[in-house]
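Side-chain atoms are counted along with the backbone in the values below, which use heavy atoms only and exclude waters and symmetry mates. Sequence lines set the chain letters: A, B, ... in the order given, protein chains first and strands last, and positions in each chain run from 1. None of the values given here were measured: they were computed from a predicted structure.
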There are 2 protein chains.
Amino acid sequence: MGKNESASVNRRMEIISAAIEVFAETGYYRATTMQVAKRAGISQPYIFRFFSTKEELLLVALEASWQRIADSFRQVIATASPTRLEQELIETYEEIMNAYRSEMLLQMQAQTIQEEPIRMAMQSGFRDIRRIVLEAFQKNGVPDSEERTKLFIARGMLCNISMALGLPELMEG
Amino acid sequence: MGKNESASVNRRMEIISAAIEVFAETGYYRATTMQVAKRAGISQPYIFRFFSTKEELLLVALEASWQRIADSFRQVIATASPTRLEQELIETYEEIMNAYRSEMLLQMQAQTIQEEPIRMAMQSGFRDIRRIVLEAFQKNGVPDSEERTKLFIARGMLCNISMALGLPELMEG
DNA sequence: TGTGAGTGATTGATCAATAACTAATTTATA
DNA sequence: TATAAATTAGTTATTGATCAATCACTCACA
């Protein structure tokens, strides 16, 4: 560690980014660690120097994708005016979807993965986002905060599906 | 064919039902045709007498699951009073989710499968349900039919996620 | 001469799909 | 009516690919 940790930390992040793309494109179970390695420009066994199993790689990738949403939302909440809050959160989520489509596709996949560590990560991701949005609505005096939070997330999920299937009419309006 | 078609048609349906369960539990790509065969009480190769590939089996299973929703919704729409329409559709969807959990989990999985035939089936499933609900809302004079349809479907999708992850607080209210 | 970064070769399992078969039932015919 | 032929319903055995993960190694360099 120390000043030289940066090299391997970067490698690690490169692998995570490659994995997110490959898993999203091909499906986690069908995607191979060889495909991830090629995308990251390294050999297949080298992945296992950073992640002990393919599932651990998925887990870390998922956590990173939730972190991105949480960070972006917190920043919006810290700066937006109360009347613009919900609209700015929506726009921020749309930007994330455009810039990090693969991360959202990976989250969608993980919604139905029954392995315990994955389910726990997804539960905690959803819970965190829900709490962040709900508390922001409440602090800004949004009426019916609970219902508004629910609808905010519901629209986000429909937005995901609309993007994944290429079905824009699902989100008209 | 004729009066004796029932035997093989039943076998076919047994395989589809088994596939829906196994695919939902294990994930389509990880699930094996052997697991499906065991669940259906037949040998693994016999599946390929009815379906030429594993993907075709998935396709047929998906179509059956969309058909169930469409049929149920059409029946509700034909009989419900205009003021109770949306509420009855919601209750019907919840009943389907309880009785055919696996079918909904399979649909969720298929939302991110990029293979063309699967994407087409999913697009057409969503389009059909949207059209059925929208036309019913319009005929019953529901105001803002388009927005109401969108929110109806969005809540349904959140309901799926809440069920799949075991996270009831997502649907509170 | 030790260490961090990385690779090639291999392996044991696993799977979809095919081929070649059998047993039972139905149908046609002498 | 007895029986041969055809069809239906199903099986066992096999194969060619594919993969995650491990092992043993190389190379640069401080």
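- Whole-Å rounding puts the B/I47 CD1 to D/dT12 C1' distance at 15 Å.
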Side chains of residues 136-145 of chain A: which donor-acceptor pairs under 3.5 Å do they make with residues two or more places apart or in other chains?
from	atom 1	to	atom 2	distance (Å)
A/N140	ND2	A/A136	O	2.7
A/S145	OG	A/V142	O	2.8

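- Between the side chain of A/S162 and the backbone N or O of A/L158 there is no donor-acceptor pair closer than 3.5 Å.
- Using a 4.0 Å cut-off on heavy atoms, none of the residues of residues 107-121 of chain B approach DNA chain D.
- A donor and an acceptor atom, one from each side chain of B/E21 and B/S102, are nowhere located under 3.5 Å apart.
- Atom CG of B/L58 and atom C1' of C/dA16 are 15 Å apart (whole Å).
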### Task
Quick one: the dot-bracket string of DNA chain D, using Watson-Crick and G-U wobble pairs with both distances under 3.5 Å, [ ] for crossing pairs and | for bases paired to another strand.
||||||||||||||||||||||||||||||
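- A/E55 meets the side-chain hydrogen bond (donor to acceptor under 3.5 Å, both in side chains) test with no other residue; sequence neighbours excluded.
- Atom-to-atom, CZ of A/F50 to P of D/dA20 comes out at 18 Å; the value is rounded to the nearest Å.
- Applying the ring-ring contact (aromatic ring centres under 6.0 Å, His included) test to residues at least two apart or on different chains, the pairs with a partner in residues 66-124 of chain A are A/W66-A/F126, A/F73-A/F152.
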Can you list, pair by pair, the side-chain donor-acceptor contacts under 3.5 Å of residues 127-134 of chain B, counting residues two or more places apart and other chains?
from	atom 1	to	atom 2	distance (Å)
B/R127	NH2	B/Q123	OE1	3.2
B/D128	OD1	B/R131	NH2	3.4

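- Residue pairs meeting the salt bridge (Lys or Arg N to Asp or Glu O under 4.0 Å) criterion with at least one member in residues 155-164 of chain B, sequence neighbours excluded, are B/E86-B/R155.
- Per the geometry, CG belonging to B/N10 stands 17 Å off P belonging to D/dT8, to the nearest Å.
- A/Q114 and B/E25 make their closest contact through CG-O, 3.6 Å (heavy atoms, listed as atom of the first residue, atom of the second, distance).
- Residue A/L151 shares its hydrophobic cluster (ILVMFWY side chains chained together at separations under 4.5 Å) with B/L151.
- Between the C1' atom of D/dA21 and the CZ atom of A/F48 lies a distance of 6 Å, rounded to the nearest Å.
- For the segment residues 15-39 of chain A, the set of residues with a heavy atom within less than 4.0 Å of an atom of DNA chain C is empty.
- Inspection of the A/E91 and A/Q87 side chains reveals an N or O donor paired with an N or O acceptor under 3.5 Å.
- Residues A/L106 and A/F23 approach most closely at CD1-CB, 3.6 Å, considering heavy atoms.
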## Note on the structure
Per-nucleotide protein contact along nucleotides 7-13 of chain C, 5' to 3', at a 4.0 Å heavy-atom cut-off (B base, S sugar-phosphate only, - neither), is BBB----
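- When the salt bridge (Lys or Arg N to Asp or Glu O under 4.0 Å) test is applied to B/E146, no partner is found at least two apart in sequence or on another chain.
- Going from atom CD of A/E56 over to atom C1' of D/dA20 covers 14 Å, rounded to whole Å.
- Annotation: salt bridge (Lys or Arg N to Asp or Glu O under 4.0 Å) contacts of A/E135 (sequence neighbours excluded): none.
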